[in-house]
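Just below is one structure, and these are the notes that go with it.
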Amino acid sequence: MSQQGNKQAKKSGGKKGGKQRELAIAKRSEDYPQWYQDVVRFGELAEPAKVVKGCMVIKPHGYAVWEKIQRDLDGRFKDTGHRNAYFPLLVPMSFITKEAEHVEGFAPELAVVTQAGGVELEEPYAIRPTSETIIGHFFAKWIDSHRDLPLLINQWANVMRWELRTRMFLRTTEFLWQEGHTAHASHDEAEAEVLRMLNVYGDFAEQVLAMPVIRGTKTATERFAGAVDTKCIEAFMQDGKALQAGTSHDLGQNFGRAFDVKFQAESGELEYVWQTSWGVSTRLVGGVVMTHSDDEGLVLPPRVAPIHAAIIPIFRNDEQKAEVMVAAERIKAALSEIDISPPRARYRDFLEVALDDRDMRPGAKFYDWERRGVPMRIEIGPKDLEKGQVCLKMRVDTEAVSGKQFLPEAEFLASARQRLLDYQDALLALARARMAANTVTLDTWEEFEQTFAGDSSKFAWCHWDGTAETEAAIKDKTKVTIRCVPLPGYGPAPEPGVCIYSGKPSAQRVLMAKAY
RNA sequence: CGGGGCGUGGCGCAGUCUGGUAGCGCGCCUGCUUUGGGAGCAGGAAGCCGAAGGUUCGAAUCCUUUCGCCCCGACCA
């Protein structure tokens with residue numbers, strides 16, 4: 001939609017009689033890209049840096065979400081035996097060029113440092129777009145024997161890719177991520193690692209982000225530059241598009257050969273190691289936004305919400321205020337004791353509670369906390385004090401729980417933990433339902449063109465003849481790409497058929513959708 | 001990087017065509033009154049009009065260049 005269109009959507013889009021136009025978030029149904037930006041902005045997650053092209057500032061509320069993602073994932077990596085390390089931001093250009101496909105893939109988006117300290121560098125440095133090469137260099141030094149394997153390393157870092165088009169969280173020039181790099185003695189072991197970490201990502205996405213994902217294998221065209229195989233998790237966004245939310249690569253011996261990473265096997269033979277790499281990025285924050293949020297703004301699952309509950313005191317005079325604040329403080333203290341740590345987590349997660357004593361009208365505060373995605377709102381006023389109750393409102397209505405609920409204080413406190421956990425589950429269920437409702441099985445090209453007409457997109461299971469030509473032709477005509485060939489259990493069971501485009505034989509259906 | 005749109009107090013915009021030295025709403029600060037879904041009144045602060053050149057007595061406005069953001073496309077987490 002044009003800028004003009006955006007403005008008009010905003011002008012007519014004010015809710016509640018349109019009297020608060022400036023504060024309104026564009027509607028998903030009217031202008032999805034504008035809606036996404038509004039949610040990110042009003043949710044105080046991030047803003048464009050502007051002074052640095054294509055970069056964003058992740059604001060405290062957004063960074064807190066990333067910290068929660070990091071904390072949980074980091075624990076999962078430790079559970080799988082990986083150890084954190086840190087490699088240089090700058091990578092000698094000669095490293096990047098060592099692996100043929102890798103250079104080809106990344107050359108167009110490299111930022112390069114050519115001078116420092118006022119003098120031209122003898123060899124320019126690339127700002128890492130990813131670290132396979134420099135880590136390959138060090139693996140070669142660290143690995144001598146099969147006894148050094150497997151080597152399981154993870155790095156939390158920033159990377160830079162000179163993107164032509166950026167969108168906050170989904171694609172920025174600089175982004176934060178985690179990159180795992182492992183070396184193994186056999187291809188079987190490396191393949192198992194690729195799958196193991198893919199499942200770590202998939203479980204994390206569903207359990208923590210409440211974001212359902214399809215696990216699958218990338219086609220050759222979509223594969224990571226330098227990998228022999230790429231597995232991925234693909235998430236469903238509310239506009240029907242797919243978001244590649246995480247990837248896990250089988251690097252074969254490509255980087256082993258390029259960087260001479262050899263080990264002496266039990267047999268005594270010198271062999272190249274088998275490597276993997278896998279990563280997820282701050283893009284996940286964008287995925288969470290587009291999975292759960294609504295026209296009122298951001299929606300955050302409790303497991304990644306920086307604040308779980310906002311308490312809004314309500315009163316008419318100072319005497320009432322004093323009494324209400326006592327109760328509010330008491331409830332805040334009690335809630336703050338509640339431990340919502342996931343089972344077997346390596347961290348403790350206690351309820352974060354905000355007591356909102358700002359001098360604003362309650363209604364304004366309601367909107368404010370809704371825009372920030374806070375799962376639970378508690379109102380406490382004189383009427384509640386009289387009855388010994390609290391008023392509870394969950395950010396998103398579900399089948400089980402909707403609207404305001406009035407609960408005896410003790411009962412609320414006793415059930416608050418479970419309510420949050422149920423809410424987490426409910427968000428996942430809602431997201432699953434949305435994905436299911438927008439997932440179709442298509443058999444004819446006519447249906448296909450209809451499904452993907454204009455800007456529209458769904459998750460479509462279609463037969464594909466397995467050729468890159470067909471893949472390219474489909475993309476060319478409809479902008480639809482093959483997101484993945486599903487792993488067992490994540491798509492229709494393989495059954496032979498005919499390609500939706502070419503009519504040639506196909507072994508199984510693949511996931512097709514437009515993508516971010 | 002191509003096509004289109006847009007840069008004016010924090011946000012949303014008017015003013016630009018037809019040059020005369022900047023305005024509105026919201027927000028912000030102070031005070032009083034308010035407070036169960038976006039409060040009211042009064043007073044106040046805040047903008048070298050994205051930037052740099054140029055034309056002119058005079059530029060937000062005209063011309064050139066440049067930077068950035070948004071949308072669409074090609075490339076990609």
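Naming: A, B, ... by sequence-line order, numbering from 1 per chain. As the structure is a prediction and not an experimental result, all values here were calculated from the model.
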| message | According to a cutoff of under 5.5 Å between the ring centres and under 30° between the ring planes, does A:Tyr367 stack with the base of B:G38? | response |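 A:Tyr367 vs B:G38: stacking yes.
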(request) Measure the distance between the ring centre of A:Phe366 and the centre of the six-membered base ring of B:G38, then answer whether it is under 5.5 Å with planes under 30°. (result) no
Quick check: A:Tyr32 with A:Tyr36 (ring centres under 6.0 Å apart)?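 A:Tyr36 vs A:Tyr32: aromatic centres not under 6.0 Å.
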Mind checking if [X] touches a base, just sugar-phosphate, or nothing, with heavy atoms under 4.0 Å?
| X | answer |
| --- | --- |
| A:Glu379 | base |
| A:Gly54 | sugar-phosphate |
| A:Glu109 | sugar-phosphate |
| A:Phe106 | nothing |
| A:Pro33 | sugar-phosphate |

Fill in: RNA chain B contacts among residues 473-483 of chain A, heavy-atom distance under 4.0 Å
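Those residues are A:Lys475, A:Lys479.
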Under a 4.0 Å heavy-atom cutoff, the residues of residues 214-235 of chain A touching RNA chain B are none
With rounding to the closest Å, how many angstrom separate the [atom1] atoms on [N] and [M]?
| N | M | atom1 | value |
| --- | --- | --- | --- |
| B:A14 | B:U8 | P | 10 Å |
| B:A46 | B:C11 | C1' | 14 Å |
| B:G25 | B:G40 | P | 13 Å |
| B:A45 | B:G2 | C1' | 45 Å |
| B:G44 | B:C24 | P | 13 Å |
| B:G15 | B:C69 | C1' | 22 Å |

[N] pairs with, by Watson-Crick or G-U criteria that keep both distances under 3.5 Å:
| N | value |
| --- | --- |
| B:G47 | none |
| B:G23 | B:C13 |
| B:U56 | none |
| B:G36 | none |
| B:C6 | B:G68 |
| B:A74 | none |
| B:A42 | B:U30 |

Review point. Any donor and acceptor pair, going by atom type alone, linking the side chain of A:Arg395 with main-chain N or O of A:Arg377 inside 3.5 Å?
Key: no
Discussion item. Under a 3.5 Å distance rule, please check whether A:Trp35 uses its side chain to pair with a backbone N or O of A:Asp38 as donor and acceptor.
Written reply: no
Please report the distance, rounded to the nearest Å, between [atom1] in [X] and [atom2] in [N].
| X | N | atom1 | atom2 | value |
| --- | --- | --- | --- | --- |
| A:Met160 | B:C75 | CE | P | 23 Å |
| A:Asp368 | B:A39 | CG | P | 11 Å |
| A:Arg161 | B:C75 | CZ | P | 16 Å |
| A:Glu104 | B:C75 | CD | P | 13 Å |
| A:Lys50 | B:G10 | NZ | P | 12 Å |
| A:Asp38 | B:C71 | CG | C1' | 14 Å |
| A:Leu170 | B:C75 | CG | C1' | 16 Å |
| A:Glu163 | B:C70 | CD | P | 13 Å |

Quick check for you: among [options], whose closest atom lies nearest to any side-chain atom of [X]?
| X | options | answer |
| --- | --- | --- |
| A:Ala364 | B:G36, B:G38, B:C69 | B:G38 |
| A:Thr172 | B:G68, B:C71, B:A77 | B:A77 |
| A:Lys383 | B:C1, B:A77, B:G36 | B:G36 |

For a quick check, tell me whether the side chain of A:Glu47 and the base of B:G10 share a donor-acceptor pair closer than 3.5 Å. no
Could you go through residues 402-411 of chain A and list every donor-acceptor pair under 3.5 Å that involves a side-chain atom there, pairing it with any protein atom two or more places apart or in another chain?
from	atom 1	to	atom 2	distance (Å)
A:Lys404	NZ	A:Glu379	OE1	3.3
A:Lys404	NZ	A:Glu379	OE2	3.1
A:Gln405	OE1	A:Arg419	NH1	3.4
A:Glu409	OE1	A:Arg330	NH2	2.8
A:Glu409	OE2	A:Arg330	NE	2.9
A:Glu409	OE2	A:Arg330	NH2	3.4

Residues passing the ring-ring contact (aromatic ring centres under 6.0 Å, His included) test with A:Phe259, sequence neighbours excluded, are A:Phe95
- Message: Any donor-acceptor pair under 3.5 Å linking the side-chain atoms of A:His249 with those of A:Ser277?
- Response: no
Rounded to the nearest 0.5 Å, the SG atom of A:Cys484 sits from the NZ atom of A:Lys231 at a distance of 10.0 Å
Quick one: CG on A:Asp239 to OG on A:Ser457, what's the gap to the nearest 0.5 Å?
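OG of A:Ser457 is found 7.0 Å from CG of A:Asp239.
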For the student: nearest non-hydrogen atoms of A:Trp66 and A:Val280, plus distance: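 Heavy atoms only, the tightest pair is CH2-O, 4.3 Å.
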Mapping A:Thr173 and A:Val51 to their closest nucleotides on RNA chain B, which lands nearer the 5' end?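 Closer to the 5' end of RNA chain B: A:Val51.
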| message | Both A:Glu174 and A:Pro382 contact RNA chain B. Which one's nearest nucleotide lies toward the 5' end? | response |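 It is A:Pro382 whose nearest nucleotide is closer to the 5' end.
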Per-pair distances, 0.1 Å, donor-acceptor, side chain in residues 99-108 of chain A, under 3.5 Å, sequence neighbours excluded:
from	atom 1	to	atom 2	distance (Å)
A:Glu99	OE1	A:Glu101	N	3.1
A:Glu99	OE1	A:His102	N	2.9
A:His102	ND1	A:Ala225	O	3.0

message = Please evaluate residues A:Asp294 and A:Arg28 with respect to the criterion salt bridge (Lys or Arg N to Asp or Glu O under 4.0 Å), reporting the C-alpha separation (whole Å), side-chain torsions for both, the decisive distance (0.1 Å), and the verdict.
response = CA-CA 7 Å; A:Asp294 59 22; A:Arg28 268 171 302 186; 5.6 Å; no
Note to self: Using salt bridge (Lys or Arg N to Asp or Glu O under 4.0 Å), reason through A:Asp203 and A:Arg76 one step at a time and then give a plain yes or no.
What the structure shows: CA-CA 10 Å; A:Asp203 293 347; A:Arg76 288 173 194 255; 5.3 Å; no
For nucleotides 31-35 of chain B, give me every protein contact, N/O to N/O, under 3.5 Å, one pair per line with atom names.
from	atom 1	to	atom 2	distance (Å)
B:U34	O2'	A:Arg361	NH2	3.4
B:U34	O4	A:Asp359	OD1	3.1
B:U35	OP1	A:Arg316	NH1	2.8
B:U35	O2'	A:Phe315	O	3.2
B:U35	O2	A:Met360	O	3.2

Task: A:His82 vs A:Ile153 side-chain heavy atoms within contact, under 4.5 Å - done: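 The answer is no; the side chains never approach within 4.5 Å.
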Q. Do A:Lys241 and A:Phe236 come within less than 4.5 Å of each other through their side chains, counting heavy atoms only?
A.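 A:Lys241 vs A:Phe236: side chains apart.
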task = Please assess A:Thr173 against A:Lys53 for the test side chain to side chain contact (heavy atoms under 4.5 Å, CB included), listing each intermediate value before the final yes or no.
result = CA-CA 8 Å; A:Thr173 298; A:Lys53 185 177 164 68; 5.8 Å; no
